[in-house]
Amino acid sequence: MKGFFFLTFILLFHLIVASPWAPALSLRKRVDLIKKTCKKTPYPDLCISSLRSHHIRSGATVHDLASMMLKLTLANATDTLSYMEALINQAEDPQLERPLDYCAELYIPVVKYTLPQAIVAFNKTQYGFAEYGVSDAGDQADTCENDFSKSKVSSPLGNRNKLVSELCDVAVAIIKMLQ
């Protein structure tokens with residue numbers, strides 16, 4: 001009789017833990033954490049789509065989501081800077097080149113220092129410093145875009161600056177959840 005209960009237990013264990021549904025349950029928990037966290041940010045749809053498009057490990061925490069958002073923010077700022085540099089190299093119009101140069105001057109420290117230092121601070125649980133750095137990065141993207149509104153040319157960076165700024169706002173909101 002004891003053997004029957006033992007075999008039944010083993011069978012049930014494998015059906016529950018090692019079943020094809022176990023990964024689905026883990027995925028559902030991650031999706032629920034992402035939705036719950038992102039609903040508390042200024043751009044929930046952006047937050048959800050950004051985090052869902054990247055691998056979030058099983059058992060992830062809000063700290064893990066913030067870490068991923070910081071990495072995504074740095075990647076987007078880096079991509080924007082690269083795009084900007086390509087535009088500068090192709091620019092023949094000084095009216096366009098001047099605000100692009102100014103924007104590059106804003107983005108270079110963001111990509112090389114501000115966001116990487118914010119990530120290091122975040123990893124050391126220095127959330128206040130991390131929040132400040134990420135917020136400053138968002139401000140630089142806004143400043144870049146505002147400089148185009150002063151010039152006579154339309155910004156070729158509008159969507160990119162907006163994305164970087166909004167990713168910064170989302171990252172700051174998630175970091176604040178940890179404080």
Side-chain angles (χ1 to χ4, degrees), residues 31 33-56 60 62-122 127-179:
V31 170
L33 176 65
I34 290 170
K35 282 183 178 179
K36 180 181 171 188
T37 303
C38 289
K39 284 183 180 179
K40 298 176 186 174
T41 69
Y43 304 101
D45 292 339
L46 173 63
C47 178
I48 290 168
S49 65
S50 297
L51 291 173
R52 276 192 182 165
S53 67
H54 289 78
H55 176 70
I56 305 292
V62 174
H63 186 275
D64 297 323
L65 298 183
S67 179
M68 179 58 69
M69 189 57 66
L70 287 169
K71 291 173 187 172
L72 292 169
T73 302
L74 176 57
N76 274 278
T78 302
D79 183 60
T80 299
L81 177 60
S82 295
Y83 181 73
M84 201 179 305
E85 289 170 339
L87 290 176
I88 291 168
N89 289 334
Q90 298 169 2
E92 295 178 8
D93 180 5
Q95 294 283 332
L96 176 62
E97 191 172 353
R98 190 202 59 75
L100 285 171
D101 284 338
Y102 178 71
C103 287
E105 288 175 17
L106 295 171
Y107 267 84
I108 288 170
V110 163
V111 167
K112 291 190 178 205
Y113 306 108
T114 308
L115 286 175
Q117 288 173 355
I119 291 170
V120 168
F122 177 81
Y127 299 132
F129 184 82
E131 179 187 334
Y132 176 80
V134 177
S135 180
D136 181 62
D139 290 345
Q140 298 307 317
D142 293 337
T143 300
C144 167
E145 195 58 32
N146 290 338
D147 193 58
F148 273 98
S149 65
K150 295 175 191 173
S151 70
K152 295 177 183 175
V153 294
S154 63
S155 173
L157 305 171
N159 290 336
R160 290 171 180 268
N161 281 329
K162 181 180 180 211
L163 179 59
V164 170
S165 179
E166 290 177 357
L167 287 171
C168 287
D169 290 345
V170 169
V172 165
I174 298 174
I175 292 169
K176 285 182 177 181
M177 292 175 205
L178 298 169
Q179 294 176 324

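Quick caveat: nothing in here was measured; it's all calculated off a predicted structure. In what follows, residues are counted from 1 in the order of the sequence shown.
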Asp101 atom CG: more than 12 heavy-atom contacts under 6.0 Å: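 Yes, the 6.0 Å shell around CG holds more than 12 heavy atoms from other groups.
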Can you list everything that forms a side-chain hydrogen bond (donor to acceptor under 3.5 Å, both in side chains) with [X]? Sequence neighbours excluded, please.
X      : answer
Asp79  : Arg160
Asp64  : Arg57, Thr61
Ser155 : Glu145
Ser135 : none

Under the ring pair (Phe, Tyr, Trp, His ring centres under 6.0 Å) rule, collect the residues that match up with Tyr43, sequence neighbours excluded.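 Partners of Tyr43 by the ring pair (Phe, Tyr, Trp, His ring centres under 6.0 Å) criterion come out as none, since no residue qualifies.
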Quick one: side-chain contact (heavy atoms from CB on, under 4.5 Å) partners of [X], sequence neighbours excluded?
X      : answer
Ala137 : Val110, Leu115, Cys168
Glu85  : Leu81
Val120 : Lys124
His54  : Met68, Leu72

Treating [X] as the side-chain partner and [Y] as the backbone partner, does any N or O pair qualify as donor plus acceptor under 3.5 Å?
X     : Y     : value
Ser67 : His63 : no
Ser53 : Ser50 : yes
Thr73 : Met69 : yes

Minimum-distance pair of heavy atoms, taken over all atoms of Pro99 and Ser151: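 That would be CG-OG, 4.1 Å.
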Return the minimal non-hydrogen interatomic distance between Cys144 and Leu157, and the atom names on each side.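 Shortest heavy-atom contact: SG-CD1, 3.8 Å.
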With side chains defined as the heavy atoms from C-beta onward, is the minimum distance between Asn161 and Asp142 less than 4.5 Å?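 Side-chain contact under 4.5 Å: no.
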Which residue pairs pass the side chain to side chain donor-acceptor pair (under 3.5 Å) test with at least one member in residues 168-179, sequence neighbours excluded?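 Sorted pair list: Glu131-Gln179.
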ring-ring contact (aromatic ring centres under 6.0 Å, His included): pairs with one or both residues in residues 127-173, sequence neighbours excluded: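 Matches after skipping sequence neighbours: Phe122-Tyr127.
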Inter- and intrachain pairs under ring-ring contact (aromatic ring centres under 6.0 Å, His included), touching residues 98-117, at least two apart: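 Residue pairs with at least one partner in residues 98-117: there are none.
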Dump the intermediate steps for side-chain contact (heavy atoms from CB on, under 4.5 Å) on Cys47 and Thr37, then the final yes or no. CA-CA 9 Å; Cys47 178; Thr37 303; 5.6 Å; no
Arg52 vs Lys35, test: side-chain contact (heavy atoms from CB on, under 4.5 Å). Steps then yes/no. CA-CA 10 Å; Arg52 276 192 182 165; Lys35 282 183 178 179; 3.0 Å; yes
